[in-house]
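A quick note: this is a predicted structure, and the numbers were derived from the prediction, not measured. Any value given below was found using the heavy atoms of this structure, including those in side chains, with hydrogens, waters and symmetry copies removed.
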Amino acid sequence: MLSGDLVAVWDVALSDGVYRIEFAHGTTTGKRVVCVNGQEVIRKDWMFKLVGKETFTVGSTNTKATIVIEAISGFAYEYTLEVAGKSLQRFIDNRAQTTKTWLLKVDGEDRRVVLEKDTMDVWCNGQKVDTQGEFVDDGTETHFTLGGHECCIKASSSGKKKHGIVHHLLLDGEKVAASL
């Protein structure tokens, strides 16, 4: 999709999917091209200033992303990606705390289920899923369906202060291993 000026590629996991961000930077022309999942979202062909920032949105929730272009020496440049106002690594670390992801096969189809712990929203393959929550003796259960299958995310205390609440996905009553 992008020409030989491709200088950086990042994969960003959001609740509604994993997005590939590609950045092309022509250091002789100043050209800047940003593509998200192969779709061009920014194109600037002639720029005299070779450093700076390009800001755009990613995903159905329009998460703000910024590519920062800095000169490090002579004609060498460093490219960093910020997502939701944080460095990519801080964003990833924060998402690890606030979300839980499971990758599974349901009726031969790959599914990516994401729980947003702060809102208890559940996403499957990029779509927000209708859920029914209920309090139970040892925590909460969030019920939904995938295809014709009954799913439940059980949230309960780990019994250890350091680990807090643990979340398990059950598909037709069987526990599904979480993804890293």
Side-chain angles (χ1 to χ4, degrees), residues 1-105 109-129 153 161-167 169 176-180:
M1 174 75 199
L2 293 174
S3 66
D5 292 330
L6 182 67
V7 294
V9 177
W10 300 275
D11 289 322
V12 178
L14 300 176
S15 294
D16 65 340
V18 178
Y19 293 87
R20 170 148 292 193
I21 298 171
E22 298 173 299
F23 182 57
H25 186 217
T27 54
T28 51
T29 63
K31 177 182 83 174
R32 298 178 188 180
V33 180
V34 177
C35 290
V36 177
N37 288 353
Q39 297 290 337
E40 197 171 284
V41 295
I42 293 176
R43 173 177 285 275
K44 295 180 179 169
D45 282 319
W46 287 95
M47 296 197 55
F48 294 104
K49 191 173 178 197
L50 294 177
V51 295
K53 296 180 178 188
E54 292 299 337
T55 300
F56 52 100
T57 60
V58 180
S60 64
T61 56
N62 290 324
T63 301
K64 184 176 148 191
T66 302
I67 296 172
V68 180
I69 308 151
E70 296 174 300
I72 49 175
S73 69
F75 291 99
Y77 297 89
E78 182 176 80
Y79 307 95
T80 54
L81 179 67
E82 296 173 352
V83 181
K86 300 175 181 73
S87 71
L88 181 58
Q89 191 57 54
R90 264 195 53 222
F91 177 78
I92 290 168
D93 293 346
N94 188 53
R95 293 250 339 141
Q97 300 297 316
T98 61
T99 63
K100 179 96 175 197
T101 302
W102 295 269
L103 300 174
L104 60 151
K105 257 196 194 328
E109 185 183 332
D110 288 330
R111 303 287 181 120
R112 180 176 180 268
V113 176
V114 179
L115 167 68
E116 293 181 354
K117 296 177 189 176
D118 51 353
T119 61
M120 295 305 285
D121 287 341
V122 176
W123 295 74
C124 180
N125 289 4
Q127 300 295 314
K128 199 164 156 187
V129 178
I153 296 176
K161 196 172 189 176
K162 186 179 175 193
H163 298 290
I165 296 173
V166 292
H167 297 86
L169 173 64
V176 176
S179 302
L180 298 174

### Query
Could you walk me through whether Val34 and Ile67 pass the side-chain contact (heavy atoms from CB on, under 4.5 Å) check?
CA-CA 9 Å; Val34 177; Ile67 296 172; 3.9 Å; yes
### Task
Using the side-chain contact (heavy atoms from CB on, under 4.5 Å) rule, take Phe23 and Leu81 through it: C-alpha gap first, then chi angles, then the decisive distance, then the call.
CA-CA 10 Å; Phe23 182 57; Leu81 179 67; over 6 Å; no
### Query
Can you list the steps and then say if Val12 with Ile21 is a side-chain contact (heavy atoms from CB on, under 4.5 Å)?
CA-CA 8 Å; Val12 178; Ile21 298 171; 3.8 Å; yes
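The minimum heavy-atom distance between Phe91 and Ala13, with the atom names listed, is CE2-O, 4.0 Å. Pairing each heavy atom of Asp16 with each of Thr61, the nearest pair is OD2-N, 4.2 Å. Arg112 approaches Leu14 most closely through the heavy-atom pair NH1-O, 3.0 Å. Between Ala65 and Val58, the shortest heavy-atom distance links the atoms CB-CG2, 3.9 Å. For Leu50 against Ile69, the heavy-atom pair with the smallest separation is O-CG2, 3.3 Å.
Asp93 and Gln97 form no side-chain donor-acceptor contact under 3.5 Å, judged by distance and modelled atom types alone.
Between Val176 and Val113 the shortest side-chain heavy-atom distance does not fall below 4.5 Å. At a threshold of 4.5 Å between non-hydrogen side-chain atoms, the residues Glu116 and Trp123 count as touching. Side chains of Trp102 and Ile153 form a contact here, defined as non-hydrogen atoms less than 4.5 Å apart. With a 4.5 Å cut-off on side-chain heavy atoms, Met120 and Leu115 count as touching. Ser15 is listed as a side-chain neighbour of Arg95, based on a closest heavy-atom distance under 4.5 Å.
Atom-to-atom distance recorded for Leu88:CG and Thr66:OG1 is 12.0 Å, nearest 0.5 angstrom. Atoms OG1 and CG, on Thr27 and Asp5 in that order, are 7.0 Å from each other to the nearest 0.5 Å. Going from atom SG of Cys124 over to atom CZ of Arg111 covers 5.0 Å, rounded to the nearest 0.5 Å. Atom NZ of residue Lys128 and atom CG of residue Asp121 lie 4.0 Å apart, to the nearest 0.5 angstrom.
Applying the ring-ring contact (aromatic ring centres under 6.0 Å, His included) rule to pairs touching residues 31-73 yields nothing, sequence neighbours excluded. Applying the salt bridge (charged side-chain N to carboxylate O under 4.0 Å, His left out) definition to pairs two or more places apart or across chains, those involving residues 51-78 are Arg32-Glu54, Lys44-Glu54.
Without hydrogens or angle criteria, Ser73 side chain to Ala76 main chain gives no donor-acceptor distance under 3.5 Å.
Using a cutoff of 4.0 Å between basic side-chain nitrogens and carboxylate oxygens, Arg43 and Asp45 are scored as salt-bridged.
Remark: Tyr77 pairs with His25 by the ring-ring contact (aromatic ring centres under 6.0 Å, His included) rule, at least two apart or across chains.
The neighbour count for Ile42 CD1, taken as heavy atoms of other residues, nucleotides or ligands under 6.0 Å away, is above 12. Atom NZ of Lys117 has more than 12 neighbouring heavy atoms from other residues, nucleotides or ligands inside a 6.0 Å radius.
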